[in-house]
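Structure record follows, encoded as structure tokens.
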Amino acid sequence: MKLILLGAPGAGKGTQAEVICNALNIPAISTGNIIREALRLGTEMGLKAKSFMDAGQLVPDDVVIGIIKERLAKDDCANGFILDGFPRTIPQAEALDAMGIIIDKVIDIEVPDEKIAARMSGRRVCKDCGASYHLEYKTPESEGVCDACSGELVQRKDDAPETVLDRLAVYHEQTEPLKEFYSKKGILRIVEGQEEIADTSALTLKALED
Ligand code: AMP
């Protein structure tokens with residue numbers, strides 16, 4: 001199955017991508033994670049993306065489209081994949097179409113802006129492996145330490161409150177039009193984000209069956 005997860009930053013796309021990845025045994029591909037890894041390794045692409053990312057802006061389409069093309073060509077994508085954080089603009093969605101990729105379903109996780117800001121202030125990520133946690137909703141076994149690799153948990157620079165507002169504005173302006181784009185194709189499914197992650201996950205899995 002070829003899936004896209006849509007939703008505002010902080011709506012819980014990454015967590016739901018993991019849920020689907022485990023349920024269907026297909027890779028979850030996060031352009032944000034790929035860019036952060038490139039940044040950590042100091043590659044040319046990472047350096048190009050840094051200023052956009054830090055400012056809460058989108059990285060230029062040609063850069064992320066290149067990343068996705070390369071990633072989807074890998075063997076593990078042969079039986080399907082979940083895209084988490086791509087596409088984020090209409091030209092990116094058109095690029096997927098131009099690549100001949102037929103998406104089966106687009107799951108849109110809806111969370112009101114007021115809740116997003118509060119959620120994002122509690123988000124923490126592992127400095128080493130990028131695993132994601134939350135001070136309230138998804139706590140690590142040991143405070144400040146990654147369960148997977150024992151790395152230090154930190155707040156993402158772009159999760160700072162002032163940057164979150166910019167990211168939400170970018171989402172409404174550039175990414176939200178994708179809802180109509182995919183609704184017209186008849187493949188959009190809406191999931192209302194719940195207080196409890198398990199409840200959202202149940203709705204996500206149900207949406208895959210519709
Ligand atoms: P994320 O981890 O998905 O919230 O992405 C973090 C940041 O990476 C975004 O705020 C953008 O700067 C950049 N980014 C990730 N995916 C994309 C994309 N599809 N298009 C443009 N920029 C992206």
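Both ligands and their constituent atoms are indexed starting at 1 by order of listing.
Note that CD1 of I34 and CZ of R71 are 6.5 Å apart. Values are rounded to the nearest 0.5 Å. To the nearest 0.5 Å, atom OH of residue Y182 and atom CD1 of residue I187 are 6.5 Å apart.
Here is the list of ligand 1 atoms found below 4.0 Å of a heavy atom in T31: 15 (C), 16 (N), 17 (C), 19 (N). If you number the atoms of ligand 1 from 1 as listed, the ones under 4.0 Å from a heavy atom of R36 come out as 2 (O), 6 (C). For ligand 1, the atoms lying closer than 4.0 Å to a non-hydrogen atom of R167 are 4 (O), 10 (O). Against a heavy-atom cut-off of under 4.0 Å, I35 is close to the following atoms of ligand 1: 13 (C), 14 (N), 15 (C).
For atom 1 (P) of ligand 1, the choice among M53, M120, K13, R88 with the nearest heavy atom turns out to be R88. In the candidate list R123, Q174, Q92, Q92 is nearest to atom 20 (N) of ligand 1, counting heavy atoms.
Using a distance-only test at 3.5 Å, with no hydrogens or angles considered, no donor-acceptor pair links the side chain of R124 to the main chain of S132.
Heavy-atom separations between R156 and ligand 1 include at least one value shorter than 4.0 Å.
For the residue pair T200 / Q194, no side-chain donor-acceptor distance below 3.5 Å is found, with atom types taken as modelled. Using modelled atom types and a 3.5 Å distance limit, the side chains of D158 and T163 yield no donor-acceptor pair.
Of the charged side-chain nitrogens involved, at least one lies within less than 4.0 Å of a carboxylate oxygen, so that K179 and E110 count as a salt-bridged pair. Look at E37 and R40 and you find a salt bridge, because one of the NZ, NE, NH1 or NH2 atoms lies within 4.0 Å of a carboxylate O, short of that distance.
The shortest N or O to N or O distance between V59 and ligand 1 is below 3.5 Å. Taking only nitrogen or oxygen atoms, main chain and side chain alike, L58 does not reach within less than 3.5 Å of ligand 1.
At a 4.0 Å heavy-atom cut-off, ligand 1 touches V64 through the side chain alone.
Remark: minimum distance from atom 11 (C) of ligand 1 to any protein heavy atom is reached at Q57 O, 3.6 Å.
Proximity of M120 to R167: side-chain heavy atoms (C-beta onward) are separated by under 4.5 Å at one or more points.
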